[in-house]
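Beneath this line is the structure, given in structure tokens, with notes to follow.
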Amino acid sequence: MTFHHSIHAASGDPYITETANHHWCYGGDSMELTQAQLEQFDRDGYLFFPSRFTVEEMRVLIDEGPRLYAQHRPENVREKGSDVVRTTFAAHMYSAPFAKLARHPRMVEPVRQIFSEPVYMHQFKINGKMAFEGDLWQWHQDYGTWKNDDLMPEARAMNVAIFLDEVNEFNGPLMFIPGSHTLGVLDAEHDVTTTSYPLWTINHDTIRKLVERGGLVAPKGPSGSRIVFHSCLVHTSTANLSPWNRVSVYLSLCAVSNHIRRFKRPESIAHRGFTPIQCLPDDCLLRDYEVPLPWKDGTPESALQPLLAS
Ligand code: SIN
Ligand code: MN
């Protein structure tokens, strides 16, 4: 993969520096995606890897969850009319296990590889989709929101999702329209009423046409499964009426040069620090590594406020 090597060849590149425990997620041996997977990603807009993490690794994250959901922090968005957590934003800023996940090479490296560039954390969220109460996510593209709200210049950011719970056909799996990412940014309307979380959503006529063209898939698998998906891929998920939680974590990673230009949303939802992520070693979830937890004693007031770009 020549694009990869060309990065290494850039002598004096500050991103190539390594320290004992931190790696920039470079390194020929750590490449996550094969050429065939890169081609599949270009065609379909997503890649699914069942059981990419072990049960022991997931246990560390699952055990930490309830402590976080119980907190009445402003980063915890509740379901409409309920106390059940829908989304916990920015847990990597105050929880050690999630701070390690945010620096995990199996999460970060595929995106760095696709963009051939260091990435930073644009958004970090744990979506509860709790048993019986987890509400739907309307049809949308992530980049639509990042462009409209955050003035992110290009679709050079994407999600890596990891299942903490098994995802099956009953607990509201993500649904994708394969190939829909090739159409770029589609018209969207700002829906502030359907759920407790505002979203730029795509109308049903468009969805009908897109599904005729590309069909629908819903990747399902055990805890520890990983999905990498393009930020223009059209997706949704239904409510969870099953008795099983569907907790998944989403890292939205953005190429550093493509950082957002407007700080309209709170920093807990759209981060304003564009430092490239330094990865920890591959065993980081199972061992002690020091991670910064800047919001451990509470979220700074400034991070909760909208801030207009200069
Ligand atoms: C999202 O699209 O951001 C979340 C969807 C889901 O968790 O089902
Ligand atoms: Mn989304």
Side-chain angles (χ1 to χ4, degrees), residues 45-46 48 61 65 69 75-80 84-91 98 101 107 111 121-150 152 155 157-178 180-181 183 185-186 188-192 194-202 207 210 216-221 223 225-242 244-254 265 268-271:
Y46 75 97
F48 180 49
L61 302 173
Y69 315 143
E75 299 94 333
N76 282 355
V77 177
R78 277 31 227 191
E79 296 287 8
K80 206 171 174 179
V84 169
V85 168
R86 173 178 180 79
T87 302
T88 294
F89 283 106
F98 288 98
L101 184 71
M107 297 301 277
V111 183
M121 189 67 67
H122 171 59
Q123 185 179 83
F124 185 101
K125 63 180 191 277
I126 308 170
N127 278 358
K129 184 88 69 164
M130 296 301 185
F132 299 114
E133 312 222 41
D135 207 349
L136 58 87
W137 289 80
Q138 311 92 310
W139 283 106
H140 69 280
Q141 295 173 302
D142 288 337
Y143 182 59
T145 299
W146 300 339
K147 181 181 160 71
N148 283 319
D149 286 349
D150 307 326
M152 184 185 285
M158 73 174 82
N159 277 321
V160 183
I162 170 115
F163 301 172
L164 266 50
D165 296 308
E166 177 194 85
V167 174
N168 56 43
E169 61 266 57
F170 307 107
N171 62 358
L174 269 179
M175 305 197 299
F176 296 137
I177 305 177
S180 53
H181 66 299
L183 302 171
V185 182
L186 302 166
E189 282 150 44
H190 207 205
D191 180 350
V192 294
T194 304
T195 75
S196 61
Y197 187 71
L199 206 61
W200 289 88
T201 62
I202 299 173
I207 297 300
L210 293 179
L216 272 178
V217 292
K220 295 171 281 282
S223 171
S225 300
R226 177 185 71 179
I227 308 177
V228 178
F229 63 100
H230 194 286
S231 59
C232 289
L233 191 69
V234 178
H235 60 285
T236 194
S237 65
T238 63
N240 180 8
L241 296 181
S242 84
W244 303 298
N245 292 343
R246 196 227 65 179
V247 179
S248 298
V249 185
Y250 296 79
L251 276 62
S252 306
L253 299 163
C254 183
R265 302 196 293 168
S268 51
I269 296 181
H271 289 283

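Atoms within each ligand, like the ligands themselves, are counted from 1 in listed order.
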message = Tell me the protein heavy atom at minimum distance from atom 4 (C) of ligand 1, and give that distance in Å.
response = N127 ND2, 3.2 Å
inquiry  = Taking the ring of F89 and the ring of Y197, is the distance between their centroids below 6.0 Å?
reply    = yes
ask   = In H140, the N, O or S atom nearest to the Mn ion (ligand 2) is which?
value = NE2
ask   = For atom 6 (C) of ligand 1, what's the nearest protein heavy atom and its distance?
value = Y250 OH, 3.2 Å
inquiry  = Looking only at the aromatic ring of each residue, does the gap between the centers of W146 and H122 stay below 6.0 angstrom?
reply    = yes
query = Aromatic rings F48 and F163: how do their planes relate, parallel, tilted or perpendicular, breaks at 30° and 60°?
reply = tilted
task = Could you please spell out the steps behind the side chain to side chain contact (heavy atoms under 4.5 Å, CB included) verdict for L251 and V249?
result = CA-CA 7 Å; L251 276 62; V249 185; 4.0 Å; yes
task = Give the ring-plane orientation class for F176 versus F229, where under 30° counts as parallel, over 60° as perpendicular and anything between as tilted.
result = tilted
message = Is there a polar contact, in the sense of an N or O pair closer than 3.5 Å, between H140 and ligand 1?
response = yes
request  = Using a strict 4.0 Å threshold on nitrogen-to-oxygen distance, state whether R265 and D150 make a salt bridge.
outcome  = yes
query = Strictly by modelled atom types, are N171 and D165 linked by a side-chain donor-acceptor pair under 3.5 Å?
reply = no
message = Less than 6.0 angstrom separating the ring centers of H190 and W200, yes or no?
response = yes
request  = Please find the N/O/S atom of D142 nearest to the Mn ion (ligand 2) and write down its name.
outcome  = OD1
request  = Between Q138 and ligand 1, find which residue part has any heavy-atom pair under 4.0 Å and reply side chain, backbone, both or neither.
outcome  = neither
query = Which atoms of ligand 1 sit under 4.0 Å from any heavy atom of R246?
reply = 6 (C), 7 (O), 8 (O)
note = ligand 1 to L174, heavy atom cutoff 4.0 Å, flagged ligand atoms 5 (C), 6 (C), 8 (O)
note = Looking at S237, G134, P173, the heavy atom closest to atom 8 (O) of ligand 1 belongs to S237
inquiry  = Can you report which non-hydrogen protein atom sits closest to atom 3 (O) of ligand 1, along with the distance?
reply    = K125 NZ, 3.2 Å
task = Return a yes/no value for K129: is any of its N or O atoms, backbone included, closer than 3.5 angstrom to an N or O of ligand 1?
result = no
